[in-house]
Amino acid sequence: MDRTYIRSLYAAPESFGGGKVELRGWARSVRDSKNIGFIELNDGSSQKNCQVVLDREALSDYEKIVHCGVGAALRVRGTVALTPGMRQPFELRAEEVEVEGPSLPTYPLQKKKHSPEFLREIAHLRPRTNLFGAVFRIRSQAAFAIHKFFNERGFVYVHTPIITGSDCEGAGAMFRVTTLEPGETDISKDFFGKRAALTVSGQLDVETFAMAFSNVYTFGPTFRAENSNTARHAAEFWMIEPEMAFCDLAGDMDVAEAMVKSVAEYVHETCAYEVEFLSERVCPELKDRFEALKGGDFVRLTYTDAVAVLKKAVSEGRKFEYPVEWGCDLQSEHERYLTETVYKKPVFLTDYPKEIKAFYMRLNDDGKTVAAADLLVPGIGELVGGSQREERLDVLERRMAECGLNAEDYGFYTDLRRYGGCVHSGFGLGFERLIMYLTGVSNIRDVIPFPRTVGNLEY
Ligand code: 4AD
Ligand code: MG
């Protein structure tokens with residue numbers, strides 16, 4: 001008999017009613033009420049379990065089965081009985097149960113709610129919980145939705161390198177890649193004969209493809225050696241970076257907004273049960289978040305106006321830990337005040353002071369600000385960082401010098417302005433932050449399978 005997946009049973013219970021099936025999965029709970037037993041079986045194809053009913057009379061090895069232990073792998077053959085009006089639309093009346101591998105009585109995941117902190121210590125077992133089942137099913141659907149969004153719009157998917165010789169963000173927060181032994185300092189003897197590092201962004205590489213294909217994106221792992229131990233920073237995270245030729249900052253924001261809305265819609269559609277579960281268990285505002293994304297435009301506000309809004313709030317008695325002055329980098333408390341208290345929806349902040357942004361952002365006519373756009377969302381803060389790129393060679397070279405970059409390392413980048421340079425824009429969206437936003441999970445460590453953070457490299 002072929003294996004049936006629990007997902008198929010839920011998709012069309014009537015077509016299975018009265019028929020025989022074989023399920024393979026793991027016991028999420030086992031209950032023995034003398035002559036009748038119940039196993040909640042999960043096979044990973046669905047967030048939902050199938051209830052398996054065990055009849056002592058009908059099963060010669062009943063005792064062994066009801067003592068298989070939570071977590072045991074089972075093969076169950078039986079008849080699907082429809083149970084209209086019950087919590088589950090069907091159950092499986094077992095006729096034959098094989099315990100494929102027993103679980104130990106000390107199995108760490110018993111049928112109760114475990115804290116995310118405890119589950120982080122057993123990250124190899126946590127995918128088996130309802131919480132991580134929901135989060136990682138959503139993560140998978142969201143990744144697919146991103147490719148679908150770009151593919152349907154004719155964007156070319158580009159695989160940018162992970163090992164790089166240039167520093168995109170110019171912040172120096174890079175992990176070095178070397179084959180030199182400790183003490184060896186002659187860089188010419190190193191594997192590449194020059195300094196190498198893990199990429200902090202695929203942007204510079206993907207810009208080269210935008211100048212040939214017009215609309216491109218990269219979606220891959222990114223590494224930052226920042227010493228920020230927060231709930232929103234990881235040393236290894238995934239980033240989606242589209243880049244569009246002949247597109248200005250307004251067009252850039254249009255793409256970011258359409259993409260976030262489209263991914264949210266796809267997740268809401270395909271993971272309705274998971275979203276329901278997470279809004280009950282983790283984040284009561286989650287369903288409102290999805291509703292808000294369906295209607296209404298995101299706010300677009302300049303940095304200068306945002307500073308005015310924040311200063312007004314301070315003058316009216318609002319307390320912030322960090323002061324707000326034009327020119328300062330906004331702190332997460334400021335970002336959250338704007339999205340959660342003032343506008344109650346996603347907000348694009350644009351035209352930041354050039355001093356707090358990267359060298360490649362296009363200088364505005366005021367000479368003080370750059371054509372940047374960060375998207376801030378409730379509950380998370382910064383989700384997207386993007387900009388129109390500086391396409392004027394002389395201005396770009398001046399900015400690079402001001403930022404202390406070595407022009408020789410960026411020859412390929414300035415060439416893009418020499419040959420067919422044009423107005424173009426792009427952005428980077430932190431995939432884990434998007435998953436936090438779509439699941440309501442508040443710590444980045446719980447939306448990536450094996451988190452890498454300062455001082456933590458388990459598994
Ligand atoms: O704002 P960032 O640094 O922008 C760039 O890297 C640009 N080169 C992107 C581009 O224009 N192509 O990073 C982009 C996004 C942030 O908004 C944030 O969501 C996420 O990446 N991010 C992180 N996510 C998790 N952990 C970290 N340490 C992150 N640093 C940035
Ligand atoms: Mg940023």
Side-chain angles (χ1 to χ4, degrees), residues 142 146 150 155 158 160 164 166-175 198-210 215-244 247 249 251-253 255-256 259-260 263 303 329-332 335 339 346-350 352-353 356-362 370-377 379-390 413 424-438 441-448 451-454 456:
I146 284 160
F150 287 118
F155 280 63
V158 182
T160 50
T164 179
S166 58
D167 177 359
C168 174
E169 292 305 295
M174 303 183 86
F175 287 103
L198 296 178
T199 187
V200 294
S201 160
Q203 179 195 326
L204 304 190
D205 309 288
V206 93
E207 276 189 53
T208 67
F209 275 68
N215 295 323
V216 298
Y217 71 106
T218 176
F219 182 178
T222 307
F223 308 87
R224 305 245 169 131
E226 301 160 311
N227 201 355
S228 14
N229 210 344
T230 79
R232 307 177 308 138
H233 288 87
E236 178 178 302
F237 63 98
W238 287 63
M239 186 153 59
I240 297 102
E241 296 183 273
E243 193 71 32
M244 291 81 69
C247 173
L249 191 67
D252 199 33
M253 289 188 276
V255 175
M259 178 191 148
V260 170
V263 174
Y303 168 91
D329 215 349
L330 296 184
Q331 301 294 322
S332 139
E335 299 178 342
T339 57
V347 178
F348 281 109
L349 280 197
T350 65
Y352 283 75
I356 57 172
K357 288 293 179 189
F359 73 96
Y360 52 73
M361 298 192 179
R362 192 179 195 279
V370 287
D374 278 8
L375 176 61
L376 316 177
V377 298
I380 311 289
E382 181 187 334
L383 175 65
V384 169
S387 71
Q388 188 170 326
R389 318 308 189 188
E390 184 55 79
Y413 194 64
H424 65 290
S425 304
F427 64 84
L429 178 143
F431 188 51
E432 283 70 24
R433 295 204 185 161
L434 178 65
I435 302 306
M436 291 167 74
Y437 188 51
L438 299 180
V441 167
S442 57
N443 197 309
I444 197 165
R445 292 164 181 78
D446 301 328
V447 298
I448 188 163
R452 274 80 178 88
T453 52
V454 191
N456 174 50

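Just follow the structure's listing: the first ligand is 1, and inside any ligand the first atom is 1.
For ligand 1, the atoms lying closer than 4.0 Å to a non-hydrogen atom of Arg232 are 25 (C), 26 (N). Residue-ligand proximity, Glu226 to ligand 1, at heavy-atom distances under 4.0 Å covers atoms 28 (N). Each of the following atoms of ligand 1 lies closer than 4.0 Å to a heavy atom of Ser201: 6 (O), 8 (N). Listed by number with element, the atoms of ligand 1 under 4.0 angstrom from any heavy atom of Ile444 are 25 (C). Of all the atoms in ligand 1, the ones that sit under 4.0 Å from a non-hydrogen atom of Gly385 are 1 (O), 9 (C), 10 (C), 11 (O), 17 (O).
Nearest protein heavy-atom contact of atom 18 (C) of ligand 1 is Arg433 NH1, 3.5 Å. Here the heavy atom of the protein found nearest to atom 5 (C) of ligand 1 is Glu169 OE2, 3.4 Å. Of the protein's non-hydrogen atoms, Ala234 N, 3.0 Å is the one closest to atom 26 (N) of ligand 1. Counting protein heavy atoms only, atom 24 (N) of ligand 1 is closest to Phe237 CD1, 3.5 Å. Among all non-hydrogen protein atoms, the one lying nearest atom 15 (C) of ligand 1 is Gly428 O, 3.6 Å. Given atom 1 (O) of ligand 1, the protein heavy atom at minimum distance is Glu382 OE2, 3.1 Å. Looking from atom 21 (O) of ligand 1 to the surrounding protein, the closest heavy atom is Met239 SD, 3.4 Å. Remark: minimum distance from atom 3 (O) of ligand 1 to any protein heavy atom is reached at Arg224 NH1, 2.8 Å.
Proximity of Tyr360 to ligand 1, defined as any heavy-atom pair under 4.0 Å, is confined to the side chain (atoms from C-beta onward). Residue contacts with ligand 1, taken as heavy atom pairs separated by less than 4.0 Å, involve Val384 solely via the backbone atoms N, CA, C and O. The proximity of Glu243 to ligand 1, defined as any non-hydrogen pair under 4.0 Å, does not occur for either the backbone or the side chain. At a heavy-atom distance under 4.0 Å, only side-chain atoms of Arg389, from C-beta outward, approach ligand 1.
Using a 4.5 Å heavy-atom threshold, the side chains of Val263 and Leu438 count as touching. Val255 has its side chain within reach of Phe150: a pair of non-hydrogen atoms, C-beta onward, lies under 4.5 Å apart. With a 4.5 Å cut-off on side-chain heavy atoms, Asp374 and Leu330 do not count as touching.
Residue contact check for ligand 1: Leu204 places no non-hydrogen atom closer than 4.0 Å to it.
Considering all non-hydrogen atoms of both residues, Ala371 and Leu249 come closest at O-CD1, 3.3 Å. Pairing each heavy atom of Thr199 with each of Thr164, the nearest pair is CA-CG2, 3.6 Å. Heavy-atom minimum distance, Arg232 versus Ile380: NH1-O, 2.9 Å. The nearest pair of heavy atoms linking Gly386 to Met361 is O-CE, 4.2 Å. Taking every heavy atom of both residues into account, Val441 and Asp446 meet most closely at CG1-CB, 3.6 Å. Smallest separation of non-hydrogen atoms from Glu432 and Trp238: OE1-N, 2.9 Å.
Exactly one residue among Glu243, Met244, Gln388, His424 makes a side-chain contact (heavy atoms from CB on, under 4.5 Å) with Asp252. That residue is Met244. Across Val158, Thr218, Thr160, Asn215, a single residue satisfies side-chain contact (heavy atoms from CB on, under 4.5 Å) together with Phe209, and that is Val158.
A search for side-chain contact (heavy atoms from CB on, under 4.5 Å) contacts involving Glu226 returns Ala173, Arg224, Ser228, His233, not counting sequence neighbours. For Phe427, the ring-ring contact (aromatic ring centres under 6.0 Å, His included) criterion is met by no residue, not counting sequence neighbours. Listed by chain and residue number, Phe175, Arg452 satisfy the side-chain contact (heavy atoms from CB on, under 4.5 Å) test with Ala235 (two or more places apart in sequence, or in another chain).
Taking any N or O of Glu241, backbone or side chain, at least one lies under 3.5 Å from an N or O belonging to ligand 1. Among the atoms of Leu383, some N or O lies under 3.5 angstrom from an N or O of ligand 1. The N/O atoms of Gly430, backbone and side chain alike, include one that comes under 3.5 Å of an N/O atom in ligand 1. Considering backbone and side-chain atoms together, Gln203 places an N or O closer than 3.5 Å to an N or O of ligand 1.
Other residues, nucleotides and ligands contribute over 12 non-hydrogen atoms within 6.0 Å of the CZ atom of Phe223. When the shell of 6.0 Å around CG of Asn229 is examined, it contains more than 12 heavy atoms from other residues, nucleotides or ligands.
For the Mg ion (ligand 2), protein N/O/S neighbours under 2.8 Å (waters excluded) are Glu382 OE2.
Side-chain polar atoms of Gln203 and Tyr360 form a donor-acceptor pair below 3.5 angstrom.
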